[in-house]
Amino acid sequence: MIVEVIVDVSAYPIDRPFDYVVPEELETLVERGSRVHVPFGPRKVQGFITNIKEQTDLDISKLKAIHSIIDVEPVMTEELLQLSKWLTNKTLCYEIDALQVMLPAALRATYKKNIKLVDSSALDADFLALFGKKEVVSYEAIEKAGLLRAMKKYLSDGAVQLETVIKQHAKAKTIAKYKVTADKEFIVEQLNSLTKQAVKQKELIEWLLKQEQTSFTMKQLTELANATNSTVKAILEKGILEKETEEVYREITSLDYQDIDKRFELTDEQTEALTKINHAQEYAENTTFLLHGITGSGKTEIYLNAIEHSIVNGKQAIMLVPEISLTPQMTRRFKLRFGDQVAVMHSGLSIGEKYDEWRKIWRGEVKVVVGARSAIFAPFKDLGIIILDEEHESTYKQDDNPRYHARDVAIWRGEYHQCPVILGSATPSLESYARASKGVYSLLKLKMRAKEQALPTVNVVDMRAELKNGNRSMFSVDLADAVRDKLEKKEQIVLFLNKRGFSSFVLCRDCGTVVECKQCDISLTYHRAGEQLKCHYCGHEEPVPTKCPECNSEHIRFFGTGTQKVEEEIAKLFPYARVLRMDVDTTRAKGAHERILKQFGDGEADILLGTQMIAKGLDFPNITLVGVLNADTTLHLADFRAAEKTFQLMTQVSGRAGRHDKEGQVYIQTYTPEHYAIELSKSQLYEPFYHTEMLTRKQYGYPPFYYLTLVQVTHENVLLASEYAKLATDWLRANLSSTTMVVGPTASAISKIQNRYRYQCLIKYKKEPLLIEKLQQLIKMYRTDWIKKGVILTIDLDPSTII
DNA sequence: AGCACGCCGACT
DNA sequence: GTCGGCGTGCTC
């Protein structure tokens, strides 16, 4: 028997199956999708069996044999094996990376180098001392002792050997259980034959005889029966108790919210949407629904009901959220509704915890997984529904290999299982809404807020006017007044500081003009070196103007704001306010998000100051004021999605205010109040925004009218980076269809990261059947030649950002 | 990728 | 002479 194995080596020439012989004693154990250990060159690596066959094209005597099989049952289902092939081709990654990404980190191997003693007589005393009584010693220990040189010599002499040990992370947590297995007569007999000194043993045996249960932990025995370690041990030896280790799941502790599951009565709109979804479930229709519901329209309640329907039919469900540790409130609702049937998967869990949750899914012990991006690979065998909440979020796209989008995987799995996929959002991505308009997705709309609250009043504050009136602070007079008012009323305030974009732009503080590229409709990026403005789409360059091209004002300069500065200003303006800060710095620790949110929810602070991350899922009754300090930062990102992102962010942020009985107020500060993304987000006018934005996208050839692929070339040397970027661009231009546009090469917006210069080329196409094939050829050229010169080439199909 | 093999300069 | 530098080539 021969198996094809994809080995755990991420390198171009290794990215194909390798054939191995299966030793006879393992033949009954091999299955597609199981992990194996195999010899590979001089070392030993982990791999996946992807095929079983009887014949090989190679000389069978040259084949090596599998070393061992790790899994009794395969970790990859047949479906996931197929999915990995699709993923490999779709994202142009190594097959091994596609396989690994579907498993929890605990099932990925790590490798350790050990030195094994062969002939101790050939070693000098220093070296031999390292071994002590052991046969092997770790490579690190030798390195630490500074004996690497000696080791190399002994290696070539054959006095020691190098061996690679594959370390497994996956450890099930176990506890020891003590069980009464002997029959009663035997126990009584043992009891009577105890010596008189054995008082404690006598007590324990008598206690055990009185108990109904027969299995105890050591903790129970010491606490309840007042036994000690040695007494238990003595009884164990007599055969009265038997020790067994039992697997347990790690307990995931979360903060305790004293809550009960509230079922809301559905509105007519909600019922209608749910009926359509459930109909698709009943008839196994593989429909993708776009659930477009304004903030507070009760999308979560629909998700809960649809999933419940799935469970009742004996099927499973995947519920994806952008990043779950940010939305503890969402998880809580699922836990409350479905209890033990829910597994939770997010980055806040330890490797062991993730492994436990994964096993619950794999064993079919849970019916629902609520999780971030990678939960889309949950090894369920009979999916009834897949849901992506906030489908427009860019966190669904992984930004390193494999560069997959969870939405694409969801649709693939929906097709495989013949089940509906739901994409939910208050502000759908333009791609999804366009597909819904064309009838590719089925559109479901929720236009009303579930509890009939009014939308918050949104005030757009013109910061140009503030400047004219001599207010140079970051708080406009109106916002400052509102904050003071809410502080007095003991209501809560959320202040939102747009993260400073990766790139900076130049803005006129008098008229709000931002200098843009005339060909690409993208803000020009400010480069300090040479005081230049550059377009990283087409390469256009111009000097930084000293006067505003629109109004001739001299108040034109590059724009950006720091978090500390805001905190200082708050302290100055509102000295009595209690402020909680939530950004990357304050949320690094495990569970920090949840803690900060709980503190705020419990009323321990008046103001929550934060970045991007507070825009989602925050739902507290006492928040009545939301302030956006600088709406312009996202608006002028050097990215064609800048307006879309701004609209989404403004809408989400506004949605945080007044979700309950109290009326909400929102202040948005900006230098460009007339911009449609800001203007239209005031009343959550999604459709007008969609149509306006679509015109721009069409005019400049961006998605959803064109697909994009980003090819990036980096090198330590500027000249080589640009030279190879040009080679790649020219080659693509020559080899792709004439209808495809190949733009560039240009310097990336961040022109240098970690001492590597970055150049890029953008491919725009409506239909390009040759694309994958040609990109694969390009990769081949790169791997065989360029890589030796230190060039790194990355390809991102449907990039989430082109910065 | 990671390891062995092999072919040349700088030392004991 | 030998140690050890890294260029080259292979991994079922």
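Chain A is the first sequence line, chain B the second, and so forth, proteins listed ahead of strands; every chain is numbered from 1. Just so you know, these numbers come straight off a predicted model, no measurement behind them.
Within residues 23-38 of chain A, no residue places a heavy atom under 4.0 Å from DNA chain C.
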With ring-ring contact (aromatic ring centres under 6.0 Å, His included) as the test, would you mind laying out the steps for A:Y404 and A:F377 before giving the verdict? CA-CA 12 Å; A:Y404 70 93; A:F377 298 113; 5.1 Å; yes
The contact string for nucleotides 1-12 of chain C, one letter per nucleotide 5' to 3', using protein heavy atoms under 4.0 Å with B, S and - for base, sugar-phosphate only and none, comes out as ---S------BB
Produce the list of close N/O pairs, under 3.5 Å, pairing protein atoms with atoms of nucleotides 10-12 of chain B; give distances to one decimal.
none

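Salt bridge A:E390/A:R373: absent, no basic N to carboxylate O contact under 4.0 Å. Ion pairing of A:R359 with A:E247 is present here, as a side-chain N (NZ or NE/NH1/NH2) and a carboxylate O approach within less than 4.0 Å. The pair A:D796-A:K397 counts as a salt bridge, with a side-chain nitrogen and a carboxylate oxygen less than 4.0 angstrom apart.
Minimum interatomic distance between A:S34 and A:P74 (heavy atoms only, all atoms of both residues): OG-CA, 3.3 Å. Counting all heavy atoms, side chain and backbone alike, A:L80 lies closest to A:M102 at O-CE, 3.2 Å.
The closest side-chain heavy-atom distance from A:R733 to A:D730 is below 4.5 Å.
Ring geometry, A:H405 versus A:Y396: the interplanar angle falls from 30° to 60°, so the pair is classed tilted. Between A:F131 and A:F127, the ring-plane angle classifies as tilted under the 30° and 60° cut-offs.
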